[in-house]
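Every chain is numbered from 1 and lettered A, B, ... according to where its sequence line falls, protein lines coming before strand lines. It should be emphasised that the depicted structure is a prediction, and the values quoted were computed from it without experimental measurement.
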Number of protein chains: 2
Amino acid sequence: MRIGELAERAGTTTRTLRYYESLGLLPARRTGNGYRSYDEEDLRLLQQIRTLRDFGFELEETRPFVECLRSGHPAGDSCPASLEVYRRKLAELDECIARLGAIRERVGTQLIQAERARAELEAAATAPEGAPEPRCELTPPGP
Amino acid sequence: MRIGELAERAGTTTRTLRYYESLGLLPARRTGNGYRSYDEEDLRLLQQIRTLRDFGFELEETRPFVECLRSGHPAGDSCPASLEVYRRKLAELDECIARLGAIRERVGTQLIQAERARAELEAAATAPEGAPEPRCELTPPGP
DNA sequence: GTAGACCTTGACCCCGGCGTCAAGGCCAGA
DNA sequence: TCTGGCCTTGACGCCGGGGTCAAGGTCTAC
């Protein structure tokens, strides 16, 4: 199978496959005329890469999975190195989710307060006495 | 105040301030010799920018807040455009958190299964009969 | 007058993951 | 034989947010 067919079957582009090859992630055999040549096994490797990438893994993080498959294991995550990547990724995801959650809370609070401030402002505009516009601002999380 | 002092007081760099100026985000007056000149108000604008950036806002998203402050409001989020950015950001955060949460679940499940597969594999290696290595792999989320 | 600490503009570099040309080779069908 | 569709390598571009030179101007202190 040539590069165009593999790309199409995997739902990606030839550019991507050449890029992976340049990283040594998915090397290709060559036919006599210099064309890249792939087989079904390469398709599996490629699918493993694309699947992990869809989950937010960086290309380098997919390498253990690919090498695991290439070394004859039936699944990319049959090897300790792959499990280690899973664990690192889990920790990363947990931390990221927690951080975003904290920010979400602060932004949400901020929005409520700012909306209330505006409501009071409009009420003040309706009423004759103009109270000073209250200050409420997103403050830095501290050093 | 010149650029170096403002940068230091805001905990950033002169390069950053020049970059913001190139975006029209934080324009500077000039003294006779061509040096940039800032005042306390500029420091406030800059702090607003840095605070929002710490919360993951892109520079362009801070623009409404800065313009709100510059137009004389006591807080960057006193204006409707700023509130709109808050709301968009909240929606963005919620979606991102949900997406990461779903991925976290899948990766976590995958890790458990792969660990169990390895445990069975080792048990099989201890026992004389080698059962076929079970396949379990992260599968694509579907088209 | 000269050292050194500031300032100026301009330009290139970085990260990841490709997209998008450009110029040319290889092969099949009419 | 020629056209069209594949393939090859190489090179530049993009995204955001600046880092890091380079070459030169300006001011102050000694």
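- Remark: the backbone N or O of B:S37 is not paired with any side-chain donor or acceptor of B:T31 at under 3.5 angstrom.
- Annotation: the terminal axes of the helix from C:dG1-D:dC30 to C:dA30-D:dT1 meet at 40°, where each axis is the rotation carrying the C1' atoms of four end pairs onto the next four (5 pairs per end, rounded to 10°).
- Counting heavy atoms from C-beta on, the side chains of A:T14 and A:R36 never come closer than 4.5 Å.
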Given protein heavy atoms under 4.0 Å, the one-letter contact record of nucleotides 4-20 of chain D, with B base, S sugar-phosphate only and - none, is simply --BSBB-------BBBB
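- Of all heavy-atom pairs spanning B:L93 and A:V107, the tightest one is CD1-CG2, 4.4 Å.
- Note: CD (A:E61) to C1' (C:dG17) measures 14 Å, nearest angstrom.
- In summary, A:R70 and A:E67 do not engage in a salt bridge, as defined by a charged side-chain N under 4.0 Å from a carboxylate O.
- Note that the CD atom of A:E8 and the CE atom of A:M1 stand 11.5 Å from one another [nearest 0.5 Å].
- Taken from CG in B:L90 to CD in A:E105, the straight-line distance is 9.0 Å, to the nearest 0.5 Å.
- Using a 4.5 Å cut-off on side-chain heavy atoms (C-beta onward), B:L52 and B:E61 make no contact.
- Under the 3.5 Å distance criterion, the side-chain polar atoms of A:D42 are matched with a main-chain donor or acceptor of A:D39.
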